[in-house]
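What you see is a predicted model; the values in this text were computed from it and never measured.
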Amino acid sequence: MTPVPENNRLYKRAHWLITLRWIAIVCVVFGTYICNSMLAIELQATALYSIAILLAAYNVVMLLLLNRFNKGEKEVTCREVKKIINFQISADLLLLTALLHFSGGIENPFVFYFTFHMIIASILLSLRESYLQATFAVLLFGLLVLFEYMQIIPHYCLRGFVSHCLHRDGPYLVGTFFVFATALYLAVYMTSYIAVRLRRAEQAYKQANLMLEEKDRIKDEYVLRVTHDIKGHLATIQSCLSVIVNGILGPLDEQQTDLISRAHKRTITLTNFVKKLLELTQMRLSNKLEMESFSLNNTVDSVVETVKTKAEDKSITLKSNVEPSADRIFGNQFSIEEMLTNLLLNSIKYTPESGTVEINATSNGEGILVEVADTGIGIPEEEQKQIFDEFYRASNARNIERDGTGLGLSIVKHIINRHGGKIEVESKNGCGTKFRLTLLKEKGSQHGLISSKTESLTSG
Amino acid sequence: MENPKILIVDDDVDHTKSIQIILESNHYNVVTACDRNEGMEKAKLEKPDLFILDVMMSTWHDGFEMSRELKKDPQFKDIPILILTAVKERTGLGFKSTAGDPEWLPVDGFLDKPVEPENLLSEVTSILSGKS
């Protein structure tokens, strides 16, 4: 998991505010209706419904505004989103005051719903902005109470809920207003206390994540250097042994041949393992992949050509088909060839004699779907999740080949991730395996390099 | 006809020895050098029919530099070069597709280390016959 950038986080919260507002609108309408018709509480229903409609209209405008940011595809800065959130909260406070005015003013216990706005402000905004919002709310409410007291604006008594009008009851007003104001400030204080700590914790988590990434990179470089040195020596050992095994310096007796052949085979296994490990580490370390558009058909042909003899050795039927609409593909040709070779060789290795291995590519809307299917031993269902893990080998695969590297499918997965593609496996123990890959189609403007470090991290 | 002469330039003397034996057993004359400077000296002295170069010698691209130097020299520009190396894994690139590009990698053949004797011999034969 990667940390969500601050602006994205705020942007999502702004949407959350809009959702909350829809809920509030519905509650206002229902509340008004119930109070009026069932509870016999006198309300200025027309005014309240009008405010609800106003709220709805304003909510739609906010939604459109946010969506426009999204469509523009430009990065929204934190400041812009904060501006919108600040505006929304202020407007909400204003409308809530208006709602209260038409439903009894200070007699209405819903005055304490201002607290929710304070909590939201404290979570999303800075401390200063939150206190400003609290002050604004206290001011609005204070003015409402004062004006109603001085009869500058009319007071709509909440008859049916209170026995007599309270708007000129001095001690009640002072008491309620005092509790109201302190409740708002305390809410801001407490919530921002927690919010600041959470934000700090998130910051620390981001830092730790970066540090781990760096450590991982150092480890990869170390593995790269070590395996590279090992490979150099192994290559030489293998070359020297080949000279003897191939009888170039004359024939050996039976026992000598046997021992040297064993050593030679083990060297080949080890060399292959080190090669794969190098390849994977190399891939993990490089940030950029050169992407171009090329013909998938030609690539599949060349892959099939490479693995043909291996299939013939086991009398396996090798079929390939690339739909013309799936021919132009966008990616790194070398990697894709490598990946398909890996998959086909795997299929051939784990398919019994006279089986079938198939590779098909079809166009799939935006992408290209490549399927590699075989009639092999399959992968036990409970192990399918792990097969892409480094060094993991399925239990039945180990019976077929004791010394596999367990790296082939990790390489495939890496290549797929770096192409922003998908790989799925469908298999039943004993009934064959089908790998389903989704890759990118050629697109006019996609030339150049893509950075895929983050991709490989999020999915890894 | 005289047996073709091959110059192997590789800093791994053990590896050089193994392919020297393979080539000599097939009646090639083999001369060896263990770095780029010695390689250039031997080239002038021995006038080989084929160069086999390791890419990674003192620096990781010495073999490329040397092949460019050879191809620029009128004396050697027609002599084929076979690159034999483990460099593929180091760079994550397959050189095969670019081998023969005169600008970037002016060589006539390319093999990954370690190479099996039969592959080495067939590559050498095909390069030498292509030349004549």
Side-chain angles (χ1 to χ4, degrees), chain A residues 221 223-225 227-250 264 267-268 270-290 292 294 298-299 302 306 332-338 341 411 414-415 418, chain B residues 8 10-28 30 32 34 52 54-63 82-99 101 104-105 110-124:
Chain A
E221 272 176 6
V223 171
L224 188 72
R225 183 166 299 173
T227 40
H228 196 265
D229 284 350
I230 293 175
K231 200 202 151 194
H233 296 300
L234 278 176
T236 300
I237 295 173
Q238 194 181 318
S239 282
C240 292
L241 286 175
S242 303
V243 174
I244 312 280
V245 168
N246 286 277
I248 289 167
L249 294 176
H264 188 228
T267 318
I268 292 173
L270 196 52
T271 314
N272 283 339
F273 174 74
V274 170
K275 262 188 188 176
K276 291 279 180 212
L277 190 59
L278 262 177
E279 204 176 297
L280 191 66
T281 315
Q282 180 64 50
M283 240 183 285
R284 288 166 58 108
L285 272 173
S286 64
N287 295 336
K288 298 222 161 107
L289 204 58
E290 272 180 45
E292 56 186 350
F294 58 92
N298 294 349
T299 309
S302 124
T306 314
N332 180 277
Q333 186 169 6
F334 176 72
S335 309
I336 296 213
E337 200 169 322
E338 180 86 16
T341 311
I411 292 174
H414 248 276
I415 294 174
R418 307 204 58 175
Chain B
I8 305 171
D10 189 338
D11 63 342
D12 185 338
V13 286
D14 300 326
H15 192 267
T16 308
K17 187 77 196 169
S18 70
I19 58 173
Q20 182 180 4
I21 290 171
I22 297 168
L23 293 169
E24 278 175 350
S25 71
N26 281 271
H27 315 294
Y28 290 106
V30 177
T32 63
C34 65
I52 295 181
D54 175 36
V55 173
M56 236 180 292
M57 286 182 277
S58 53
T59 64
W60 75 267
H61 54 303
D62 251 8
L82 173 62
I83 289 266
L84 185 66
T85 184
V87 81
K88 179 184 157 199
E89 283 75 20
R90 175 72 167 242
T91 60
L93 284 172
F95 287 129
K96 272 185 187 131
S97 53
T98 24
D101 175 352
W104 193 73
L105 190 58
F110 176 91
L111 284 173
D112 281 337
K113 259 186 190 178
V115 59
E116 284 300 308
E118 49 182 311
N119 293 345
L120 175 70
L121 289 171
S122 71
E123 188 74 18
V124 166

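With a threshold of 4.5 angstrom between heavy atoms, A:T271 approaches chain B through side-chain atoms but not through N, CA, C or O.
Once rounded to the nearest 0.5 Å, the distance linking CD1 of A:I244 with CD1 of B:I21 reads 7.5 Å. A distance of 10.5 Å separates CG of B:D14 from OG of A:S239, quoted to the nearest 0.5 Å. Taking CD of B:E116 as the start and CD of A:Q238 as the end, the distance is 5.5 Å to the nearest 0.5 Å. Atom-to-atom distance recorded for A:I237:CD1 and B:S18:OG is 11.5 Å, nearest 0.5 angstrom.
Note: B:H15 leads B:K17, B:E24, B:H15 in heavy-atom pairs under 4.5 Å with chain A. Between chain B and the residues A:N332, A:L234, A:V243, the largest count of heavy-atom pairs under 4.5 Å involves A:V243.
Other residues, nucleotides and ligands contribute at most 12 non-hydrogen atoms within 6.0 Å of the CD atom of B:E118.
A donor-acceptor contact under 3.5 angstrom links the side chains of A:T236 and B:D12, judged on distance only.
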